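Numbers restart at 1 for each chain; the letters A, B, ... are given by sequence-line order, proteins then strands. Note that the structure is predicted; figures quoted are calculated from it, not measured.
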Amino acid sequence: MMHKLLVIEAMSVQNWTYILVGVTFAIYIGIAIWSRASSTKEFYVAGGGVSPWANGMATAADWMSAASFIGMAGIISFAGYDGAVYLMGWTGGYVLLALLLAPYLRKFGKFTVPDFIGDRYYSDTARIVAVICALLVSFTYVAGQMRGVGIVFSRFLEVDITTGVIIGMLIVLFYAVLGGMKGITYTQVAQYCVLIFAFMVPAIFISIQMTGNPIPQLGFGSTLADGSGTFLLDKLDGLSAELGFNAYTEGTKSVIDVFAITLALMVGTAGLPHVIVRFFTVKRVKDARKSAGIALLLIAVLYTTAPAVAVFARTNMIETASNQPYKEVPQWFKKWETTGLITFTDKNNDGLIQYLADETQNELVVDRDIMVLANPEIANLPNWVIALVAAGGLAAALSTAAGLLLVISASVSHDLIKKVYNPNISEKGELIAARLSAVGAVCVAGYFGIYPPDFVAAVVALAFGLAAASFFPAIVLGIFYKRMNKEGAIAGMVVGILMMLFYIIKFKFGWLDDTIPSQEEWWFGISPEGFRAVAMVINFVVSIVIMKFTKAPPLEVQEIVENIRIPSGAAEASEH
Amino acid sequence: MTKQDKAKAYWKENIRYVLALLTIWFIVSYGAGIILKDELDTIRVGGFKLGFWFAQQGSIYVFVVLIFVYVRLMNKLDKKYGYDA
């Protein structure tokens with residue numbers, strides 16, 4: 001026994017990572033074989049009989065991407081209070097989803113978001129616009145996930161990013177193509193368990209270390225464990241002020257901008273096709289409501305822990321590095337320096353690390369993305385915990401990638417081939433088309449993961465904006481405003497998207513002027529990120545005004561609306 | 001009550017619930033977490049300034065509760081109108 005323990009102690013981070021990643025991958029593949037899809041209904045909506053708990057877990061894993069797992073706590077630890085836009089934005093959207101969208105879309109009972117838009121607005125033009133938006137949103141998003149997989153592999157297993165992306169592609173290919181929505185749903189359930197365990201274990205360890213409180217959500221509002229009686233947040237505010245940064249608990253953004261960005265993120269979340277489609281998989285309308293609640297509960301576990309992790313990591317980092325002799329920095333510092341994600345230049349040649357807000361004197365640059373990955377090392381946690389974080393990051397990236405790939409394959413095989421080009425396609429033919437488009441989508445996503453174009457960040461921002469400024473108003477009006485017609489909805493979507501494009505092109509890319517205009521020129525002081533919320537409001541207004549001047553939708557469409565408002569008699573997603 | 005009147009009455013009650021819950025949704029996030037943040041920050045609960053706490057913790061807890069309250073209310077409403085079959 002003693003001997004065994006020693007082996008566990010001595011095993012390197014890398015060996016632990018191989019073991020944990022290997023075991024989790026074997027589980028995902030096993031589940032995929034067990035839950036193969038044999039009909040289009042199983043492929044698109046997992047047969048429509050998923051329990052609310054399983055769907056809640058799958059939705060949570062689907063939603064929490066590499067960005068939530070790896071990126072978010074890092075962003076917050078550098079942004080302080082302003083990081084709240086992500087915390088509130090990415091959770092508050094579920095309230096909108098549960099109250100305004102999920103139950104009705106479930107009752108509608110088709111397979112995809114373009115299905116709803118196309119049928120409700122009795123127009124193939126609207127359907128195709130929706131397909132294009134869904135494809136654009138999903139492709140940009142999925143490329144980021146594949147990149148995330150590559151990065152985790154390269155940092156923890158010392159393979160290059162390309163190999164990492166290819167391994168990730170093969171795994172996703174296997175269970176998305178074989179299992180469709182059914183395979184994805186049950187692997188996502190497993191992935192939720194892996195990622196939440198991997199996120200919570202280090203957070204709890206560090207919370208105990210720093211504050212003596214095992215619950216991170218309470219820990220970061222507690223006093224320090226060193227017996228000084230100082231509150232952790234006060235200490236961090238003090239440290240930040242000393243180094244010339246803003247107090248951590250204060251923001252730098254204006255109130256109106258924080259307001260607009262939060263709203264844009266909430267509405268964008270509610271409008272994302274890969275999240276919406278999950279609610280087509282449950283049995284009844286009441287299950288759709290319930291599983292939205294469960295999904296948010298499970299997401300909230302990570303989202304309320306992340307701000308605590310951000311505070312722990314920030315404090316730890318400042319204390320370990322600031323004003324310390326460079327010669328004596330710990331092992332992790334050196335390791336991350338070799339990846340280029342930590343850089344130190346001794347500007348005043350005193351051999352000490354000066355970490356300051358003032359750029360001319362600051363000597364230390366830390367990439368925000370390493371805060372979660374390096375956190376366990378900074379806190380000196382055991383090797384298996386560090387390896388666990390790698391497995392968790394992979395689970396987060398793979399589960400989101402799979403969900404997006406399914407939206408892409410359904411958009412091509414169902415919305416385009418079956419509904420527009422070849423309505424007579426057989427069930428078998430459609431299933432083959434769905435699988436082939438999934439293969440194609442994985443290859444394209446992998447390509448962009450290996451060769452990320454420079455414009456990725458900008459395109460992701462755009463994709464989120466499309467979801468906010470186009471889908472959300474069209475769906476909400478389609479449910480809550482019976483008289484809304486196709487003229488209004490299409491005009492609203494087009495104007496909303498154009499407004500957003502204009503604002504991003506002018507204030508983010510600076511293509512309309514010689515340089516990128518300064519923040520003083522923003523309309524109402526709203527950043528391009530926040531302007532999506534404005535574009536959404538404009539979409540609503542334009543839709544309603546145009547609708548007033550055009551004729552009411554046909555009676556059978558009004559009947560559809562009346563029907564989806566009543567929860568009973570929801571057939572399982574129909575084959576139509 | 002005709003079938004149509006019933007559907008209308010059900011929808012009206014549903015809208016009332018949704019509006020009430022979204023009002024709370026707005027107050028905890030945009031109100032307490034953003035607009036009134038500085039005022040609430042003068043109040044402290046343990047190490048947290050209250051406005052900061054609402055922005056990074058409290059609003060999320062309330063969101064979760066709101067959805068489950070909605071689920072309960074709607075299940076009852078479905079039963080009342082016989083739509084729970």
Side-chain angles (χ1 to χ4, degrees), chain A residues 76 80-81 83-85 87-89 91-100 103 211 217-218 220-223 230-235 248-251 255-256 258-259 262-263 266 284-286 289-290 292-297 299-300 303-304 306-308 310 480 562 565-569, chain B residues 3-4 6-8 10-12 14-15 17-22 24-26 28-38 41 44-49 51-75 77-79 81-85:
Chain A
I76 299 168
Y81 163 78
V85 298
L87 294 166
M88 290 192 285
T91 53
Y94 275 84
V95 179
L96 298 177
L97 197 58
L99 272 55
L100 303 178
T211 67
Q217 285 86 342
L218 301 175
F220 83 118
S222 308
T223 52
T230 319
F231 284 112
L232 176 58
L233 280 168
D234 289 337
K235 178 170 178 184
Y248 186 84
T249 54
E250 300 299 323
V255 168
I256 184 161
V258 171
F259 189 105
T262 307
L263 183 60
M266 283 194 190
R284 293 162 303 180
V285 171
K286 66 187 269 198
R289 298 183 196 125
K290 189 172 163 193
I294 294 168
L296 183 60
L297 175 71
I299 290 168
Y303 273 59
T304 53
F480 288 85
E562 274 170 18
R565 290 177 175 185
I566 293 165
S568 60
Chain B
K3 212 173 137 200
Q4 260 186 343
K6 202 172 91 171
K8 253 191 195 147
Y10 171 85
W11 186 245
K12 229 174 156 180
N14 173 23
I15 297 282
Y17 287 153
V18 168
L19 286 178
L21 293 171
L22 285 183
I24 302 173
W25 165 84
F26 185 87
V28 292
S29 51
Y30 297 94
I34 299 175
I35 299 169
L36 299 174
K37 188 226 171 213
D38 289 340
D41 270 354
R44 290 188 59 135
V45 182
F48 290 115
K49 295 175 185 165
F52 176 84
W53 182 81
F54 263 108
Q56 299 211 341
Q57 295 277 302
S59 56
I60 303 177
Y61 300 133
V62 178
F63 294 157
V64 175
V65 173
L66 283 178
I67 299 187
F68 282 106
V69 169
Y70 174 72
V71 170
R72 265 192 83 100
L73 288 174
M74 291 309 285
N75 283 349
L77 195 65
D78 289 355
K79 224 178 231 146
Y81 284 87
Y83 289 148
D84 56 339

Practice task
Report the residues that fulfil side chain to side chain donor-acceptor pair (under 3.5 Å) with Tyr303(A), sequence neighbours left out, ordered by chain and then residue number.
Solution key: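 For Tyr303(A) the side chain to side chain donor-acceptor pair (under 3.5 Å) partners, ignoring immediate neighbours, are Ser68(A).
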Sort [X] into side chain, backbone, both or neither according to what part of it lies under 4.5 angstrom from a heavy atom of chain A.
X        : answer
Lys8(B)  : neither
Phe63(B) : both
Asp78(B) : side chain

Are any of the side-chain heavy atoms of [X] and [Y] separated by less than 4.5 Å?
X         : Y         : answer
Ile566(A) : Lys3(B)   : no
Ser29(B)  : Met266(A) : yes
Asp84(B)  : Lys286(A) : no
Trp25(B)  : Leu99(A)  : no

Practice task
Determine the option with the most heavy-atom pairs under 4.5 angstrom with chain A, choosing from Tyr17(B), Tyr30(B), Tyr81(B).
Solution key: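 Top count of heavy-atom pairs under 4.5 Å with chain A: Tyr30(B).
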Exercise for the section: Look at Val71(B), Leu22(B), Ile34(B) and state which one has the largest set of heavy-atom pairs under 4.5 Å with chain A. Expected result: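 Top count of heavy-atom pairs under 4.5 Å with chain A: Ile34(B).
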Handout entry: Whether Tyr70(B) side chain and Arg289(A) backbone form a donor-acceptor pair below 3.5 Å
Key =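 Answer holds: no.
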Handout entry: Among the listed options Leu96(A), Ile76(A), Leu232(A), the residue most often paired with chain B at heavy-atom distances under 4.5 Å
Key =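 Greatest number of close heavy-atom pairs with chain B: Leu96(A).
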Exercise for the section: Look at Lys49(B) together with Glu250(A) and state whether they make a salt bridge at an N to O cut-off of under 4.0 Å. Expected result: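 Between Glu250(A) and Lys49(B) there is a salt bridge, with a charged N closer than 4.0 Å to a carboxylate O.
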Pick one of side chain, backbone, both or neither for [X], based on which atoms fall under 4.5 Å of a heavy atom in chain B.
X         : answer
Leu97(A)  : neither
Leu263(A) : both
Leu297(A) : both

Exercise for the section: Could you give me the CA-CA distance, side-chain angles and deciding distance for Arg44(B) and Asp234(A), then say whether side chain to side chain contact (heavy atoms under 4.5 Å, CB included) is met? Expected result: CA-CA 12 Å; Arg44(B) 290 188 59 135; Asp234(A) 289 337; 3.0 Å; yes
Practice task
Provide the full list of side chain to side chain donor-acceptor pair (under 3.5 Å) pairs with a residue in residues 54-68 of chain B, sequence neighbours left out, each pair given once.
Solution key: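 Listed once each, the pairs are Gln57(B)-Tyr61(B).
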Exercise for the section: Assess whether side chain to side chain contact (heavy atoms under 4.5 Å, CB included) is satisfied between Phe68(B) and Ile294(A), documenting all intermediate values. Expected result: CA-CA 8 Å; Phe68(B) 282 106; Ile294(A) 294 168; 4.2 Å; yes
Exercise for the section: Could you tell me whether Phe480(A) and Trp11(B) have their ring centroids closer than 6.0 angstrom? Expected result: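 Yes, the ring centres sit under 6.0 Å apart.
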